[in-house]
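The structure appears below as structure tokens.
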Amino acid sequence: MTATTNPLTAVVAELAAAGGPIDLERLRATVDTMVPFCNHVGVRVTELAPDHGQAELPARPELENHFGTVHAGALFLAAEVAGAAAFAGAMAPRITRLQGFVLRSSKIAFLKPATGHVRARATLDRQAVDAVLAGGGGRFELAGLALLHDDADVLLGRVELDYVAWLGSA
């Protein structure tokens, strides 16, 4: 096994050295391209903000199932990436102290078959985020919700996301 470098580490180090508020667009651009599998599938992080994250899944035949609708795995990936973007945006004030971040579990409810382009928008429990940002370091848990929509804004699915993360002390 070869050692790999986390591209987020270098950006976070630069952001910490620069001082001041975190450049969310730079963070979005880094998060958008750092996972090879997301690049392979074509899912993109299109928004990263303190209160939400958004990812988009392109309309591609390779992402369809045998019924011609978007494969459940591709839909989950879009939701998971939107959740990670929401996490990064929410934790931006403390991201230089982030030591680990894991999606522990999820629950998916597919409501309608998806065809074509899909947008996933995720939010985190704001009260829990505020408590983490106000506190010290250590392990914490955050709940998130990603909603999947098509271009007609039809709700395709709901994905509950359960995260565990660790912050180092200041």
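Note that these values count all heavy atoms, side chains included, but never hydrogens, waters or copies made by symmetry.
- Once rounded to the nearest 0.5 Å, the distance linking CZ of R26 with CG of L48 reads 13.5 Å.
- Rounding to the nearest 0.5 angstrom, the gap separating the NZ atom in K112 from the CG atom in L148 is 14.0 Å.
- Counting all heavy atoms, side chain and backbone alike, P113 lies closest to L156 at O-CD2, 3.7 Å.
- Every side-chain contact (heavy atoms from CB on, under 4.5 Å) that Q99 has, sequence neighbours left out, goes to W166.
- Counting only heavy atoms from C-beta outward, the side chains of L57 and H117 never approach each other to under 4.5 Å.
- Salt-bridge check for K107 with D162: failed, with every basic side-chain N at 4.0 Å or more from each acidic carboxylate O.
- Using cut-offs of 30° and 60° for the angle between ring planes, the Y163 and F87 rings count as tilted.
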Checklist entry - Is there a salt bridge (charged side-chain N to carboxylate O under 4.0 Å, His left out) between D151 and R119 once you walk through the steps? => result CA-CA 8 Å; D151 283 336; R119 181 181 73 257; 5.2 Å; no
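- With sequence neighbours excluded, the residues satisfying side-chain contact (heavy atoms from CB on, under 4.5 Å) with A49 are D51, H52.
- With values rounded to the nearest 0.5 angstrom, L103 atom CG is found 11.5 Å from L142 atom CG.
- Residue pairs that meet the salt bridge (charged side-chain N to carboxylate O under 4.0 Å, His left out) test with at least one member in residues 132-148, sequence neighbours left out, are R104-E141, R139-E141.
- The two residues A88 and L27 have their closest heavy-atom pair at O-CD2, 3.8 Å.
- The two residues V129 and M91 come nearest to each other via the heavy atoms CG1-CE, 3.9 Å.
- Here A59 pairs with nothing under the side-chain contact (heavy atoms from CB on, under 4.5 Å) rule; sequence neighbours left out.
- Pairing each heavy atom of R28 with each of E47, the nearest pair is CD-N, 4.1 Å.
- When all heavy atoms are compared, the tightest approach of V43 to A55 is CG2-CB, 4.1 Å.
- Rounding to the nearest 0.5 angstrom, the gap separating the CD atom in E56 from the NE2 atom in H149 is 12.5 Å.
- Note that the CG atom of D125 and the CG atom of L145 stand 11.0 Å from one another [nearest 0.5 Å].
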Considering only distance and modelled atom types, tabulate donor-acceptor pairs under 3.5 Å from the side chains of residues 69-82, sequence neighbours left out.
unit_1	atom_1	unit_2	atom_2	d
T69	OG1	N65	OD1	3.3
T69	OG1	N65	ND2	2.9
H71	ND1	G73	N	2.8

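- Hydrophobic clustering, with ILVMFWY side chains joined whenever heavy atoms are under 4.5 angstrom apart, keeps I95 apart from V164.
- For the side chain to side chain donor-acceptor pair (under 3.5 Å) test, residues two or more places apart in sequence or in another chain that qualify with D130 are R126.
- Linking ILVMFWY residues whenever their side-chain heavy atoms come closer than 4.5 Å, directly or via other members, places V154 and V118 in the same cluster.
- Residues in residues 33-46 take part in these salt bridge (charged side-chain N to carboxylate O under 4.0 Å, His left out) pairs, two or more places apart or across chains: D32-R44.
- Note: the hydrophobic cluster containing I108 also contains L124 (ILVMFWY, side chain heavy atoms under 4.5 Å, direct or indirect links).
- By the side chain to side chain donor-acceptor pair (under 3.5 Å) test, E62 is found to be paired with R60, residues two or more places apart in sequence or in another chain being considered.
- Hydrophobic clustering places V31 together with L98 (ILVMFWY residues linked when any side-chain heavy atoms are closer than 4.5 Å, directly or through intermediates).
- Partners of L111 by side-chain contact (heavy atoms from CB on, under 4.5 Å), not counting sequence neighbours, listed by chain and number: A109, L155, R158.
- For the atom pair L167 CG and R97 CZ, the distance stands at 5.5 Å (nearest 0.5 Å).
- Closest approach of L161 and S106 over heavy atoms only: CD2-CB, 4.2 Å.
- Residues satisfying the side chain to side chain donor-acceptor pair (under 3.5 Å) test with E64, not counting sequence neighbours, are none.
- Not a single salt bridge (Lys or Arg N to Asp or Glu O under 4.0 Å) links D150 to another residue, sequence neighbours left out.
- Residues P93 and I22 form no side-chain contact, since every pair of their non-hydrogen atoms from C-beta on lies 4.5 Å or further apart.
- Hydrophobic clustering (ILVMFWY, side-chain heavy atoms < 4.5 Å, transitive): F101 and F37 are in one cluster.
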